[in-house]
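Structure first, commentary second.
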Amino acid sequence: MIAATVVLGGLGCLAALLLATASRRFSVRTDPRHTALLEVLAGSNCGACGYPGCDAYARALLAGTAAPDLCRPGGTETLVRIGAILNIATTPRQSQVAVVRCQGGRQQARPKYDYRGLHDCRAAQKLAQGPKLCPAGCLGLGSCVEICPFDALFIDDRGLAAVDRGRCTGCGLCVSVCPRQVLTLAPAEATVHVLCNSHDPGGKVKTYCEAGCIGCRLCLKTAPGCFMMEDFLAVVRYGNEDAVTLAAAVRRCPTHCIREIAGTPAAGNVSPEQVL
């Protein structure tokens with residue numbers, strides 16, 4: 001009995017020694033900053049930073065191969081905390097929000113054909129360049145809605161994508177998935193936008209949409225420092241806005257494609273009741 005106890009006790013001690021040795025030999029040392037970074041990143045694993053997830057981005061930050069301002073969902077607060085963890089200087093990025101540059105819904109934009117394929121904008125675009133006569137309008141099949149990890153997008157009752165500005169983090173995933181580049185990122189503080197994405201001449205725009213930009217240049221004449229033309233499409237010069245002249249330009253736009261968004265929870269593709 002005593003001999004058995006001694007043998008078992010010896011085996012137990014030997015096993016414990018082997019386990020302790022193996023644990024020490026094969027342990028993986030972790031950088032405490034890695035854990036700290038994971039705690040400050042948004043944790044959504046959205047991929048907007050260009051990496052597969054927050055863990056990969058944190059590792060890239062530690063390796064010095066990634067910029068510290070790529071976590072847009074985390075915003076300025078996350079950027080500042082990343083800088084503190086890595087002991088580096090950071091410059092806050094301007095907050096942005098997604099804008100849907102189209103208001104050609106079912107009543108305004110004419111169809112090219114009746115699409116009954118996959119409920120996906122990218123699939124529809126591959127079939128004769130989409131079911132809308134407008135080559136640049138929102139297809140409204142919700143590819144942007146599907147990819148948004150923050151539930152900041154939806155399809156409104158006009159069949160157009162719309163942005164919930166209260167939820168939008170400006171990550172840009174919706175912009176990357178839209179086959180027609182209808183969505184864009186604009187400064188969060190900007191309230192006036194051109195809700196059209198067509199670069200066609202005005203005469204052609206009128207044949208397929210009642211709400212598109214016709215390139216009349218009235219906005220440039222009214223607020224010359226606030227707009228510029230890209231082909232036949234008026235574009236806001238963000239950062240150069242003047243509230244008074246912008247408001248006048250909004251009023252003079254003959255197709256009402258220049259809109260001042262009133263800061264409603266759901267805006268970016270808005271009905272007349274939602275704008276100033």
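Sequence positions, counted from 1, serve as the residue numbers for this chain. Every heavy atom of this structure was used, including side-chain atoms; hydrogens, water molecules and symmetry mates were not.
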Exercise for the section: Find out whether Ser198 and Phe232 are in side-chain contact, i.e. whether some heavy atom of one side chain is under 4.5 Å from a heavy atom of the other. Expected result: no
Fill in the blank from the handout: Residues Pro187 and Val97: closest non-hydrogen pair is O-CG1, 4.3 Å
Practice task
Would you indicate whether the side-chain heavy atoms of Tyr238 and Gln94 approach each other to under 4.5 Å?
Solution key: no
Problem - Min side-chain heavy-atom separation Cys219-Cys253 under 4.5 Å - result: no
Handout entry: Hydrophobic cluster membership, Val250 vs Leu218, 4.5 Å side-chain cutoff
Key = no
Practice task
Could you tell me whether the side chain of Thr78 reaches within less than 4.5 Å of the side chain of Leu41, counting heavy atoms only?
Solution key: yes
Completion exercise
One should read off an interatomic distance between Leu195 CG and Cys102 SG, to the nearest 0.5 angstrom, of 8.5 Å
Handout entry: Path from Met229 to Val194 over hydrophobic side-chain contacts below 4.5 Å
Key = yes
Exercise for the section: Say whether, by atom type as modelled, one donor and one acceptor occur between the side chain of Asp231 and the main chain of His199 under 3.5 angstrom. Expected result: no
Exercise for the section: Would you tell me whether Gln181 and Arg101 have side-chain atoms, one donor and one acceptor, within less than 3.5 Å of each other? Expected result: no
Problem - Close side-chain approach of Ile258 and His193, heavy atoms under 4.5 Å - result: no
Handout entry: Minimum heavy-atom distance between Leu139 and Ala124, given as atom pair plus value
Key = CD1-CB, 4.3 Å
Handout entry: Any side-chain heavy-atom pair of Glu241 and Val236 under 4.5 Å
Key = yes
Exercise for the section: Flag the pair Tyr57 / Leu37 as yes when at least one side-chain heavy-atom distance between them is below 4.5 Å, and no otherwise. Expected result: no
Problem - Option among Cys54, Cys168, Cys171, Cys49 that satisfies the side-chain contact (heavy atoms from CB on, under 4.5 Å) test with Pro73 - result: Cys171
Fill in the blank from the handout: In short, Ala249 meets Ala223 closest at the heavy-atom pair CB-CB, 4.3 Å
Practice task
Kindly check if the number of other-residue, nucleotide or ligand heavy atoms within 6.0 Å of NZ (Lys112) is above 12?
Solution key: yes
Problem - Co-membership, hydrophobic cluster, residues Leu118 and Leu141, 4.5 Å side-chain - result: yes
Handout entry: Separation of Glu146 CD from His119 NE2 (nearest 0.5 Å)
Key = 8.0 Å
Completion exercise
Interatomic distance, SG@Cys134 vs CZ@Arg180, rounded to 0.5 Å, equals 6.5 Å
Problem - Heavy-atom pair with the smallest gap, counting every atom of Gln108 and Gln103 - result: OE1-O, 3.6 Å
Handout entry: Residue Arg217 excluded, over 12 heavy atoms near CZ under 6.0 Å
Key = no
Exercise for the section: Treat each ILVMFWY residue as a node, draw an edge where side-chain heavy atoms are under 4.5 Å apart, and state whether Val177 and Val99 are in one component. Expected result: no
